[in-house]
Amino acid sequence: MRILKGNPVSRGIALAKVYVYKAFKADVHESYFEAGQEAARYKQFTDALAVAEEELNTIVTSLSADSPEKAKIFTAHIEILNDEEVAEEVKDMITSSRAMPDYAVDFVFSEFAMLLEKAKDPLIAARAADLRDVRNRVLRILKGEKEQNLSSLREKVVVVAHDLLPSDTATLDRAHVMGIVTEVGGATSHTAIIARSYKIPAVLGVPSATEIMKNGEPVVLDALKGLVMLEPERETIHEYEAKLVQFLEDEKQTAEYLDRIPLVASGERFYVGLNIGTTEPDEGFKYVDFVGLFRTEFLYMESEHMPTEDEQFAAYRKMLANAMGNPVTLRTLDIGGDKTLRYMTLPKEENPFLGNRALRLCLDMPELFKTQLRAALRASAFGEMQIMFPMVGTIDDIRAGNAAVEEVKAELRAEGIPFDEKINVGIMIEIPSIAMIADLAAKETDFASVGTNDLTQYLHAVDRMNPKITNYYQSSSPAMFRILGRIFKEYNKAGKPVSVCGELAGEPLAAIVLYGLGLRKFSMNASNIAHVKRTLSLFTQDETEEIAEKVMMLETQEDVNNYLKAEVAKREQKAKSATVAKK
Ligand code: PEP
Ligand code: MG
């Protein structure tokens, strides 16, 4: 047996077959064939088109029932395949200029894509990305390579990839993906967040995984310890089959806390929120008090074009209708950094995580920002909603964001379009510069939510995506708790609501400290709700405060975690003895 190691970022165990997922990279050169082969070469092209259409039809059929929106993307691809103008030009290049089919396809599709990209209408420009997608499909078929697609898999697999793009995870076939292994990505990368929200065990940051692991070979994934076991022996398989049963049993026991009212041991209430990234119904809505984070960028990433105001309005209304009465915090577009849109090319930056992203980008592209704000405000007439800006660094940012909201409100008023006049507008605190002036920020905002994923990245100056330095990415460091304590104190003092919607809120050990520091609103992925409710129910308010004070005086993250683990173990033991005594 061979064992690879990585970061366990989404708890669980999986036993399945390896599916190595490598996005196809076309390598085409200008080349021509000898006279006399015209008909045969042209047939290669038409045959490839036929295979492509067959592949796309299979995808559309498998997606239509559950994900009609995703199916539409692939239906549009079939239309491109059947575009007569494109096909005629390829035919001409092959039969008249004797260009090799792959060169002809690459040339013609790329030319058309470039033309479309120049179009003023963003809907037309967006088709360029689809043309390139179809071009790659046809080129792959011409090269004789098999299709790789995570949206319709035939058997249960552990997906192994260099990294998964948000567009890959958005269309992931959840019934067949039992586990995820990637070469890059840390605990707060988007792959990790999606894996947790889908409850798929994941181990990220496994160097050379796509080279070492072979398609179809059996693998045992221990995403509790971060182990990837290849060529597992029979005993290992039995051992892990038993561990899987135990894991599911533990999960079931914790799940009993799911629908309990969140209370600490001394009876005080805290509030649990849900983080969502789609507009679909979610089991989690039943067990929470609010939606602390609706990541709207997923809407933009799944779409084949920049979503229009009406499309966004419909999506936000649908989300509110599905949210079972929970008030929803809609976060405005947070792209840039590792999140890109296939239909919008952003200039390359030296340091994209420090670059023109999120609110900065929205302020830079007022039309894009206003379109989203109009859609959000219009939807606010149909349910309880608040608006939140990501990546706020200064009071200027807050003022610019608020001004945009006011401008859009005035427009809607003038047009007689209803919206919630009293809508709350707040910020994410995820840049240390705004955390340090939380008292001033509180004056200019209706609420704040702390994004601990980015706050850790910027406070510790450590790239959240880089697997080489995950030990430097310390979201439970004493430094983090000191800065968090400061934010909660200032917002509580100002009487303005404050929550945490970063991954830290869903970590049971950290939640004890956050509560002790004054936090009462914890927003998390559905898979963490029961764990946090269970752990906090073990501690009285006074105990959490004592613990928080102690934690801020500890020296290292390891000290913090060891101390918190010991405190939980003590109480679990006490609770167990009490149950035995009762019996
Ligand atoms: C965060 O940074 O903590 C956060 C919630 O936002 P995201 O993970 O989407 O950057
Ligand atoms: Mg963030």
Side-chain angles (χ1 to χ4, degrees), residues 9-10 164-166 169-170 185-197 202 204 273-278 290-302 328-341 352-362 386-393 397 401 426-435 447-466 470 473-477 480-481 483-484 487-488 498-507 510-511 514 519 521-528:
V9 299
S10 175
L164 291 180
L165 295 172
T169 49
T188 57
S189 63
H190 284 86
T191 304
I193 292 171
I194 292 289
R196 278 194 293 272
S197 74
L204 309 190
L274 184 69
N275 292 349
I276 55 170
T278 73
F290 65 105
V291 173
L293 175 62
F294 169 41
R295 287 184 163 95
T296 55
E297 54 275 13
F298 288 83
L299 185 72
Y300 291 71
M301 284 170 176
E302 282 184 21
V328 174
T329 306
L330 178 147
R331 178 174 76 181
T332 56
L333 187 57
D334 184 1
I335 53 161
D338 63 327
K339 292 178 260 185
T340 52
L341 302 180
F353 280 101
L354 303 178
N356 194 17
R357 54 172 299 203
L359 180 65
R360 296 171 188 172
L361 190 82
C362 287
Q386 49 186 16
I387 293 175
M388 173 164 80
F389 307 131
M391 297 296 297
V392 167
D397 290 346
I427 57 166
M428 289 198 71
I429 297 191
E430 47 188 349
I431 300 182
S433 58
I434 202 74
F447 69 92
S449 187
V450 186
T452 49
N453 308 339
D454 278 314
L455 186 59
T456 307
Q457 162 162 270
Y458 298 122
L459 185 67
H460 281 270
V462 53
D463 180 349
R464 70 193 253 191
M465 294 295 288
N466 186 339
T470 46
Y473 184 89
Q474 301 189 351
S475 43
S476 288
S477 69
M480 274 296 284
F481 287 123
I483 201 164
L484 289 166
I487 301 167
F488 305 155
V498 59
S499 60
V500 171
C501 63
E503 294 299 298
L504 202 63
E507 283 179 26
L514 298 180
L519 184 74
K521 296 180 79 179
F522 300 72
S523 193
M524 61 196 73
N525 291 312
S527 61
N528 295 331

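For ligands, and for the atoms within them, numbers begin at 1 and follow the listed sequence.
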Please check this pair: side chain of [X] against backbone of [Y], looking for a donor-acceptor N/O pair closer than 3.5 Å.
| X | Y | result |
| --- | --- | --- |
| Tyr300 | Ile335 | no |
| Asn453 | Glu503 | yes |
| Asn528 | Met524 | no |
| Thr452 | Leu455 | no |

With a heavy-atom distance limit of 4.0 Å, tell me whether [X] approaches ligand 1 through its side chain, its backbone, both, or neither.
| X | result |
| --- | --- |
| Gln457 | neither |
| Glu503 | neither |
| Asn275 | neither |

min-distance protein heavy atom vs atom 6 (O) of ligand 1 -> Arg331 NH1, 2.9 Å

Next on the checklist: Looking only at the side chains, is there a donor atom on one of Ser449 and Ser499 sitting less than 3.5 Å from an acceptor on the other?
Outcome noted: yes

Considering only heavy atoms, which of Thr456, Asp334, Val450, Asn453 lies nearest to atom 3 (O) of ligand 1?
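Going through Thr456, Asp334, Val450, Asn453 one by one, Asn453 has the nearest heavy atom to atom 3 (O) of ligand 1.
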
- Query: Hey, is ligand 1 close enough to Glu297 that some N/O pair sits below 3.5 Å?
  - Reply: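 N/O-N/O distance below 3.5 Å does not exist for this pair.
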
Can you confirm, on distance only, whether ligand 1 has an N/O atom lying under 3.5 Å from any N/O atom belonging to Thr452? yes

Restricting Asp454 to its N/O/S atoms, the closest one to the Mg ion (ligand 2) is OD2

query: So which N/O/S atom does Glu430 have closest to the Mg ion (ligand 2)?
result: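 It is OE1 of Glu430.
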
### Task
For Arg295 and Asn275, work out which heavy atoms get closest and say how close.
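What the structure gives for the nearest pair is NH1-CB, 4.4 Å.
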
Below 4.0 angstrom from a heavy atom of [X], which ligand 1 atoms are there? Numbered from 1 as shown, please.
| X | answer |
| --- | --- |
| Gly502 | 3 (O), 5 (C) |
| Arg464 | 2 (O), 7 (P), 8 (O), 10 (O) |
| Gly451 | 1 (C), 2 (O), 3 (O) |
| Leu293 | 5 (C) |

Spatial distance of atom CG (Leu361) from atom OG1 (Thr332) [nearest 0.5 Å]: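 With rounding to 0.5 Å, CG (Leu361) is 10.5 Å from OG1 (Thr332).
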
How long is the gap from CZ on Arg331 to OG1 on Thr296, to the nearest 0.5 Å?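 Result: 7.0 Å between the selected atoms.
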
Should the pair Arg464-Asp454 be classified as a salt bridge under the 4.0 Å nitrogen-to-oxygen rule? yes

